[in-house]
Chemist: 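This is the structure I want to talk about, given as structure tokens.
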Amino acid sequence: MISMQEKSELIQDLSSIIGEKYILTAEWSMEPYCKGWRYGEGRAIAVAKPGSLIEIWKVLQFCLDKNIVVIMQAANTGLTGGSTPYGDDYDRSILIINTMRVSDIHIINDGKQIIGFSGSTLFELENKLVSFNREPHSVIGSSCIGASIVGGVCNNSGGALVKRGPAYTELSLYAQIDKDGRLILVNELGIDLGNKPEEILTNLQNKNYNNEDIKFPNKLASDNEYQERIRDVDASTPARFNADERRLHGASGCAGKIAVFAVRLDTYPKPKRSQVFYLGTNSPHVLSKIRRDILAEFDNLPTSGEYLHRDCYDAAKKYSKDTFIAIEKLGPSFIPKLFEFKRKVDLLSQKYRFLPNKLSDKLMQFLSKLWPNHLPKRMEQYRDRYEHHWIIEISDDGIEEARSYFMEFFKTNEGEFFECTSKEAEKAILHRFVAASAQGRYHAINEDRLGEMMSMDIAFPRNERDWFEVLPKEIDEQLEMKLYYGHLFCHVLHQNYIFKKGVDAEGLKEKLLKTYEDKGAEYPAEHNVGHEYLAKPTLSKFYKELDPTNSFNPGIGKTSKRKGWK
């Protein structure tokens, strides 16, 4: 590690590259970058916020020369701590490079593809594509919390949209340190930008290329096989998961083991019409039958299918209400500002002991009680009648196909459905996606009497019929709360637990993981390993190939933090 004098000199040198204003060294200012959105935290010597691709390159070269570990970070919205330091047992000093100032998005090929820079967000991209009548890979979920385009690709995340699968591309521009310790730039964007790193980066930054320079190599800019995979309902493997070797390539799935400057991705035409169907039943087997029928027999795949258990419905209604209202009334663009404010309030409460811990959660929870019920009447009626809720969105020619199927199906099967109005549809989908915050809020409000939290995203085999979890009594008795929600068509379920106080969290976690493995499930499915999960051999091998000196994001997936993977 470095001395205070050495640190001072390093900061001065970094300031000469990107400007003193964009080097954060105070603990107060670094906290939002050193602490994960939900999980993990650690220390860094500084946070650097470069303003261009060439500045990122120069900072990387500086870190290589000074033997400093680099953690690349964009919006820091990951759930498993994968874009922050973790602990204090690194063998080298750490610099966090936050890329949010490098947020350019280039629209190419008449809007059919885009180039997203390292700090560009899904929300920004969605707005840019409006005039082309097209959509990005993800328009719900991650986009609501300000997630970056590149972050999604690096973590193979997403998949809520049934026809699109996880974020994936084989066309990207990135830097890596080779086995000889040299910083090299790899241009796989499929655009002729020159030969030298500085030339390539400057030309891309300034959009100094024309249509003739854009090539169309035999490489993918999306997961073009996903529709076929998800329709195979008798396959004994999951449709998508982070350690899927077929979708690990360059930036895709890299988890920060390289420095990604830009990615090239496909976009998607907007549907002409869309309809949301709200389904309720007291039997998970009813949903299994519907899932298999739609995937195997429908001519038109749904847009999405979001599952919500009644307990999770209730928890989200109470503990995610403020997030719901903020998005509905102020728009998704406000959410990053809200989280930034929340972090500052919590830092303040840590600084002044007379203020309660988790002050922001307690304040926002109190204020949410003042707002009237925000959920539609028909959803509330279904909550009282049914344990299992499924929100299915279908577009264009699939609408009538689905309507006819549901009307016939529920004549002879338990449960029922209704067609949402546009307002009901908006609220149903939003209610499902804010549910992810309910566990953390409940824990923050009641932390004195609770044990640890555990959040799992599990990819079940496509042929699994008993997807709804029924835990053995000896495990169930140790849990204070269980919240189930997820993407039912692709069989990715988010299973969130809060342990009772005094419970052996690690021991219980192993038992839970064993229940998934017995079903042939894979985990994590879409949040990537971060520092929470063990990277399976396929992933750890991929990381070592990308980063043979272990200079980028060391320790990810519980791998070695030591130089050269020692």
Side-chain angles (χ1 to χ4, degrees), residues 13-23 46-66 68 70-75 95-109 111 113-121 124-125 128 148-151 153-154 169-178 181-217 219 221 250-252 254 256-265 546-547 551-552:
D13 291 341
L14 279 170
S15 298
S16 69
I17 299 174
I18 66 174
E20 183 179 354
K21 178 181 177 181
Y22 301 109
I23 302 290
V47 176
K49 303 177 74 174
S52 66
L53 298 176
I54 198 71
E55 285 187 0
I56 295 176
W57 175 260
K58 289 178 179 179
V59 173
L60 291 173
Q61 188 64 63
F62 172 84
C63 290
L64 175 61
D65 295 342
K66 301 296 183 180
I68 296 172
V70 169
I71 295 180
M72 299 292 293
Q73 179 191 91
L95 180 74
I96 296 172
I97 301 179
N98 183 276
T99 63
M100 293 303 288
R101 292 179 62 220
V102 190
S103 59
D104 302 53
I105 298 172
H106 296 171
I107 310 295
I108 62 173
N109 194 20
Q113 288 187 327
I114 62 98
I115 307 292
F117 284 28
S118 50
S120 57
T121 67
E124 292 168 340
L125 177 56
K128 274 185 171 285
S148 71
I149 298 168
V150 168
V153 171
C154 292
T169 186
E170 295 167 1
L171 300 166
S172 60
L173 177 67
Y174 59 89
Q176 65 182 153
I177 297 174
D178 67 15
R182 297 173 302 178
L183 182 69
I184 60 174
L185 186 68
V186 180
N187 182 10
E188 294 181 339
L189 271 180
I191 302 177
D192 186 0
L193 296 164
N195 298 308
K196 295 182 179 180
E198 291 82 359
E199 180 186 13
I200 292 170
L201 296 170
T202 301
N203 283 336
L204 180 60
Q205 184 81 61
N206 298 330
K207 207 173 183 181
N208 187 24
Y209 58 89
N210 53 42
N211 289 338
E212 288 71 36
D213 295 320
I214 301 173
K215 312 301 178 185
F216 294 89
K219 290 185 176 182
S252 296
C254 71
K257 297 304 292 180
I258 52 179
V260 181
F261 291 95
V263 293
R264 179 173 166 183
L265 294 167
L546 288 176
D547 184 20
S551 298
F552 289 99

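Owing to the predicted nature of the structure, the values given are computational and were not obtained by experimental measurement. Worth knowing before you read on, the calculation uses all heavy atoms, side chains too, and leaves out hydrogens, waters and symmetry mates.
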Chemist: CD/E124 to CD1/I114 distance, rounded to the nearest 0.5 angstrom?
Modeler: 11.0 Å
Chemist: Decide yes or no for D192 and E212: does some side-chain heavy atom of the first lie under 4.5 Å from some side-chain heavy atom of the second?
Modeler: no
Chemist: Below 4.5 Å, heavy atoms only, C-beta onward: do T99 and V150 meet side chain to side chain?
Modeler: no
Chemist: Using every non-hydrogen atom in the two residues, find where S148 and A75 come nearest and quote the distance to one decimal.
Modeler: N-CB, 4.2 Å
Chemist: Is the closest side-chain heavy-atom distance between I56 and M72 below 4.5 Å?
Modeler: yes
Chemist: Any chance you could measure R101, atom CZ, to I18, atom CD1, to the nearest 0.5 Å?
Modeler: 7.0 Å
Chemist: Should Y209 and L189 count as side-chain neighbours, where that means a heavy-atom distance under 4.5 Å?
Modeler: no
Chemist: Can you confirm whether E199 is buried at CD, in the sense that more than 12 heavy atoms of other residues, nucleotides or ligands lie under 6.0 Å from that atom?
Modeler: yes
Chemist: Out of the candidates V260, N187, I191, only one should pair with L173 under the side-chain contact (heavy atoms from CB on, under 4.5 Å) rule; please name it.
Modeler: N187
Chemist: Is N109 close to I214 at the side-chain level, that is, under 4.5 Å between some pair of heavy atoms?
Modeler: no
Chemist: Return yes if some donor-acceptor pair links the side-chain N/O of Q176 with the main-chain N/O of L546 below 3.5 Å, else return no.
Modeler: yes
Chemist: Do you know which two heavy atoms are closest between A74 and N98, and how far apart they sit?
Modeler: O-ND2, 2.9 Å
Chemist: Do other residues, nucleotides or ligands put more than 12 heavy atoms under 6.0 Å from N195 CG?
Modeler: no
Chemist: Report the distance from atom CZ of F62 to atom CD1 of I97, rounding to the nearest 0.5 Å.
Modeler: 10.5 Å
Chemist: Identify the heavy atoms of A175 and W57 that sit nearest to each other, and give their distance.
Modeler: CB-CZ3, 3.8 Å
Chemist: To the nearest 0.5 Å, what is the distance between OH on Y174 and NZ on K257?
Modeler: 14.5 Å
Chemist: Start with the C-alpha gap between I200 and F261, add the side-chain angles, then the distance that decides, and say whether side-chain contact (heavy atoms from CB on, under 4.5 Å) holds.
Modeler: CA-CA 11 Å; I200 292 170; F261 291 95; over 6 Å; no
Chemist: Between I149 and I105, is a side-chain contact (heavy atoms from CB on, under 4.5 Å) present by the stated rule, with each step listed?
Modeler: CA-CA 10 Å; I149 298 168; I105 298 172; 4.1 Å; yes
Chemist: Where do L193 and D213 land on the side-chain contact (heavy atoms from CB on, under 4.5 Å) test, with the steps shown first?
Modeler: CA-CA 8 Å; L193 296 164; D213 295 320; over 6 Å; no
Chemist: Kindly give the heavy-atom pair with the smallest separation between I115 and A262, and that separation in Å.
Modeler: CG2-CB, 4.0 Å
Chemist: Between L201 and L53, what is the shortest heavy-atom contact and its length?
Modeler: O-CD1, 3.8 Å
Chemist: Where do Q205 and H106 come nearest, in terms of heavy atoms and distance?
Modeler: O-NE2, 4.3 Å
Chemist: Just verifying a value: how many Å separate D13 CG and K58 NZ, rounded to the nearest 0.5 Å?
Modeler: 13.5 Å
Chemist: Tell me, yes or no, whether the heavy-atom count around K219 atom NZ, taken from other residues, nucleotides or ligands under 6.0 Å, exceeds 12.
Modeler: yes
Chemist: Set out, in order, the CA-CA distance, both residues' side-chain angles and the distance that settles side-chain contact (heavy atoms from CB on, under 4.5 Å) for L14 and L95, then state yes or no.
Modeler: CA-CA 11 Å; L14 279 170; L95 180 74; 3.9 Å; yes
Chemist: To the nearest 0.5 Å, what is the distance between CD1 (I258) and CG (L60)?
Modeler: 11.5 Å
Chemist: Does any part of the side chain of N208, heavy atoms only, come nearer than 4.5 Å to the side chain of T202, both counted from C-beta?
Modeler: no
